[in-house]
Chemist: 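If you scroll down you'll find the structure; I have some questions about it.
Chain letters run A, B, ... following the sequence lines, proteins first, then strands; residues in each count from 1.
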Number of protein chains: 2
Amino acid sequence: MKWDTLEEEPCSLARTVAVIGDRWSLLILRECFLRIRRFDDFQASLGITRHLLADRLKKLVRFGVLRKIPYQEAPKRYEYILTQKGLDLYPIIMSIVHWGNIHMVDARGRPLLHEHKTCGKMFDPVMVCSECGEPLSAKAVHVHPGPGARKSSPVHASARERAKRAAEST
Amino acid sequence: MKWDTLEEEPCSLARTVAVIGDRWSLLILRECFLRIRRFDDFQASLGITRHLLADRLKKLVRFGVLRKIPYQEAPKRYEYILTQKGLDLYPIIMSIVHWGNIHMVDARGRPLLHEHKTCGKMFDPVMVCSECGEPLSAKAVHVHPGPGARKSSPVHASARERAKRAAEST
DNA sequence: TATTGACAGTTCTAAAATAGAACTTATGGT
DNA sequence: ACCATAAGTTCTATTTTAGAACTGTCAATA
């Protein structure tokens, strides 16, 4: 697969993966949410090569996730800050952090704790249904084709059949 | 950076990225949640090379996200199914899909719609605070070092200082 | 009995991405 | 004049990935 075509796939996950679906992009975004903004600071805190960092920042700007704003003239220097589109990635970052907190921490415990300024308490993120407010689980969700669905699924008929039977048998 | 060491980083995001932070793993997991379970079905629906697919499945099994269970003897064949640890990735997948739905869809609209069986309605996922139930935004969250925090941050002093000032100035 | 097909991989080479270090350009300070 | 800061760019060596072909096991079929 050419990764350039990923963003045109008729799948919202694939398109998002085109933007954030590599290791460095997610780590760069974590730093953004921790208020890192400058080239050398990203480089120092992540240990990423300068080449890759330049490349990834360019990509994130191209996708409208980050914006370059000048913080000094002569020589002209820029900071990278999150756009609204970038800020909207917060639930993704938080759910990734939360999964790591639950399943990947060692004996020392969590590296970071999160305080919700609104209520003043340490919290975990919970994903709920926009309609009824109940926490979501994979098994309580049913998927329907939407208006942008592909006509012919790339999933083989045999696989589709098996998946369908499996879904019906639950 | 050697990616083998990523899972030992004192950062829950980095550790999770070690598991799911590459393009194919996320796409494979999407298929898992759509009830794809077999090698050739993954291969056919994703177009991934067999080599990479074998490698990624092995990795996901090693991390305890998938489990191989036999579905026939002679010849012995296995299916890959999500463990509880794997099912817990659902909020990550859903938040990625949702961001794509908001920011990456084309004129045709969403490829998939989600129905919450519990309430019967089409929904979007919303991330809320476990303590007060309010929707979360990056700006309403404050970060504290936890018990597993690294002693000396890899973030340079200069960057830390700038970040701190930025945080205080809000 | 020989042949075909399904399934789950493995092996091979060429192309692409990444790591790691050095280099460039512009400017300000001592 | 010399050094430091900042934000990149360029270079080669290594690693990863793409793409296709091949292997092994068994069941069903001719």
Side-chain angles (χ1 to χ4, degrees), chain A residues 1-6 17-18 21-28 31-32 36-62 66-81 155-163, chain B residues 1-6 17-18 21-28 31-32 36-62 66-81 155-163:
Chain A
M1 186 188 287
K2 301 121 197 162
W3 290 115
D4 328 11
T5 69
L6 197 56
V17 164
D22 68 285
R23 294 162 139 86
W24 286 124
S25 294
L26 282 166
L27 292 167
I28 288 168
E31 298 302 304
C32 291
I36 300 296
R37 299 178 166 183
R38 300 186 184 176
F39 192 92
D40 277 19
D41 293 338
F42 285 114
Q43 205 275 318
S45 75
L46 291 172
I48 185 175
T49 65
R50 307 177 74 75
H51 180 98
L52 261 281
L53 178 58
D55 183 79
R56 291 296 185 272
L57 288 172
K58 215 169 280 175
K59 193 190 68 174
L60 291 169
V61 168
R62 179 162 54 80
L66 296 180
R67 186 170 46 218
K68 263 173 104 156
I69 56 168
Y71 68 88
Q72 73 170 36
E73 310 289 326
K76 201 118 180 176
R77 297 253 183 269
Y78 297 89
E79 302 189 304
Y80 295 88
I81 66 160
V155 178
H156 269 192
S158 62
R160 249 205 329 268
E161 277 310 302
R162 275 200 295 279
Chain B
M1 186 188 286
K2 301 120 196 162
W3 291 114
D4 327 14
T5 70
L6 197 56
V17 164
D22 69 285
R23 294 161 137 85
W24 286 125
S25 294
L26 281 167
L27 292 167
I28 290 168
E31 298 303 302
C32 291
I36 299 298
R37 299 179 165 180
R38 299 186 186 177
F39 192 93
D40 276 19
D41 293 338
F42 284 112
Q43 205 276 317
S45 73
L46 291 172
I48 185 176
T49 64
R50 307 177 74 75
H51 180 97
L52 262 282
L53 177 57
D55 182 79
R56 292 295 184 273
L57 288 172
K58 217 169 278 175
K59 193 191 68 173
L60 291 170
V61 168
R62 180 162 55 80
L66 296 179
R67 188 170 43 219
K68 263 173 102 155
I69 58 168
Y71 68 87
Q72 72 171 37
E73 310 289 324
K76 199 118 182 177
R77 298 251 184 269
Y78 297 89
E79 304 189 302
Y80 295 89
I81 65 158
V155 177
H156 271 193
S158 63
R160 248 204 330 270
E161 278 309 303
R162 274 200 294 278

Chemist: Rounding to an integer number of Å, can you tell me how far A:His51 NE2 sits from D:dA7 P?
Modeler: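 The answer, rounded to whole Å, is 18 Å.
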Chemist: Provide, to the nearest angstrom, the distance between the CD1 atom belonging to A:Ile36 and the P atom belonging to D:dA6.
Modeler: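 Rounded to whole Å, this separation is 13 Å.
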Chemist: So how far is it from A:Ser25 OG to A:Ile48 CD1, rounded to the nearest 0.5 Å?
Modeler: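 So the gap between those two atoms works out to 8.0 Å.
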Chemist: Would B:Asp22 and B:Lys59 pass as an ion pair if we require N to O under 4.0 Å?
Modeler: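 A salt bridge is present here (some side-chain N lies under 4.0 Å from a carboxylate O).
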Chemist: Rounded to whole angstrom units, what separation is found between the CG atom of B:Asp55 and the C1' atom of D:dT16?
Modeler: 10 Å
Chemist: Among D:dA7, C:dT10, C:dT18, which nucleotide has an atom closest to any side-chain atom of B:Ala54?
Modeler: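 Side chain of B:Ala54 sits closest to C:dT10.
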Chemist: When the distance from CZ of A:Phe39 to C1' of C:dA26 is rounded to whole Å, what number comes out?
Modeler: 16 Å
Chemist: Can you pull out the residues from residues 69-78 of chain A that lie within a 4.0 Å heavy-atom distance of DNA chain D?
Modeler: A:Tyr71, A:Arg77, A:Tyr78
Chemist: Quick check for you: among C:dA19, D:dG19, D:dG8, whose closest atom lies nearest to any side-chain atom of B:Thr49?
Modeler: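 Between C:dA19, D:dG19, D:dG8, the one nearest the side chain of B:Thr49 would be D:dG19.
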Chemist: Below 4.0 angstrom from OP1 or OP2 of C:dG9, is there any side-chain N or O of B:Lys68?
Modeler: yes
Chemist: Please determine, for the side chain of B:Arg56, which listed nucleotide (D:dA7, D:dT10, D:dT17) has the closest atom?
Modeler: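 In terms of side-chain proximity for B:Arg56, the closest of D:dA7, D:dT10, D:dT17 is D:dT17.
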Chemist: Regarding A:Phe42, tell me which of base, sugar-phosphate or nothing describes its non-hydrogen contacts under 4.0 Å with the strands shown.
Modeler: nothing
Chemist: Assign each of B:Ile48 and A:Leu57 to its nearest nucleotide of DNA chain D by heavy atoms, then name whichever residue's nucleotide is nearer the 5' end.
Modeler: A:Leu57
Chemist: So A:Thr49 and A:Gln43, do their side chains get closer than 4.5 Å, heavy atoms only?
Modeler: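 Of all side-chain heavy-atom pairs linking A:Thr49 with A:Gln43, none is under 4.5 Å.
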Chemist: Between the side chain of B:Glu31 and the main-chain N/O of B:Ser45, is any donor-acceptor distance below 3.5 Å?
Modeler: no
Chemist: Taking CG from A:Leu52 and C1' from D:dT15, how many angstroms apart are they, rounded to a whole number?
Modeler: 12 Å
Chemist: Please report the interatomic distance CD1(A:Ile81) to CG(A:Leu66), rounded to the nearest 0.5 Å.
Modeler: 9.0 Å
Chemist: When rounded to the nearest 0.5 angstrom, what is the spacing between CZ in A:Arg56 and CG in A:Leu46?
Modeler: 12.0 Å
Chemist: Side-chain N or O of B:Tyr80 versus OP1/OP2 of C:dC7: is the shortest distance under 4.0 Å?
Modeler: no
Chemist: B:Leu53 has an atom CG; how far is it from atom C1' of C:dG9, in whole Å?
Modeler: 9 Å
Chemist: C:dA8, OP1 or OP2 - any side-chain N/O from B:Lys58 closer than 4.0 Å?
Modeler: no
Chemist: Please give, in whole Å, the distance from D:dT16 P to B:Leu6 CG?
Modeler: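 So the CG-P distance, B:Leu6 to D:dT16, works out to 13 Å.
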Chemist: Just how far is it from atom OH of A:Tyr80 to atom CZ of A:Phe39, taken to the nearest 0.5 Å?
Modeler: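 The OH atom of A:Tyr80 sits 7.0 Å away from the CZ atom of A:Phe39.
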Chemist: More 5' along DNA chain C: A:Arg50 or A:Trp24, using each one's nearest nucleotide?
Modeler: A:Trp24
Chemist: Regarding B:Arg23, tell me which of base, sugar-phosphate or nothing describes its non-hydrogen contacts under 4.0 Å with the strands shown.
Modeler: nothing
Chemist: Find the distance A:Asp40:CG to D:dG8:C1' and express it as a whole number of Å.
Modeler: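 Distance, rounded to whole Å: 9 Å.
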Chemist: Once rounded to the nearest 0.5 Å, what's the spacing between atom CD1 of B:Ile28 and atom CZ of B:Phe42?
Modeler: 7.0 Å
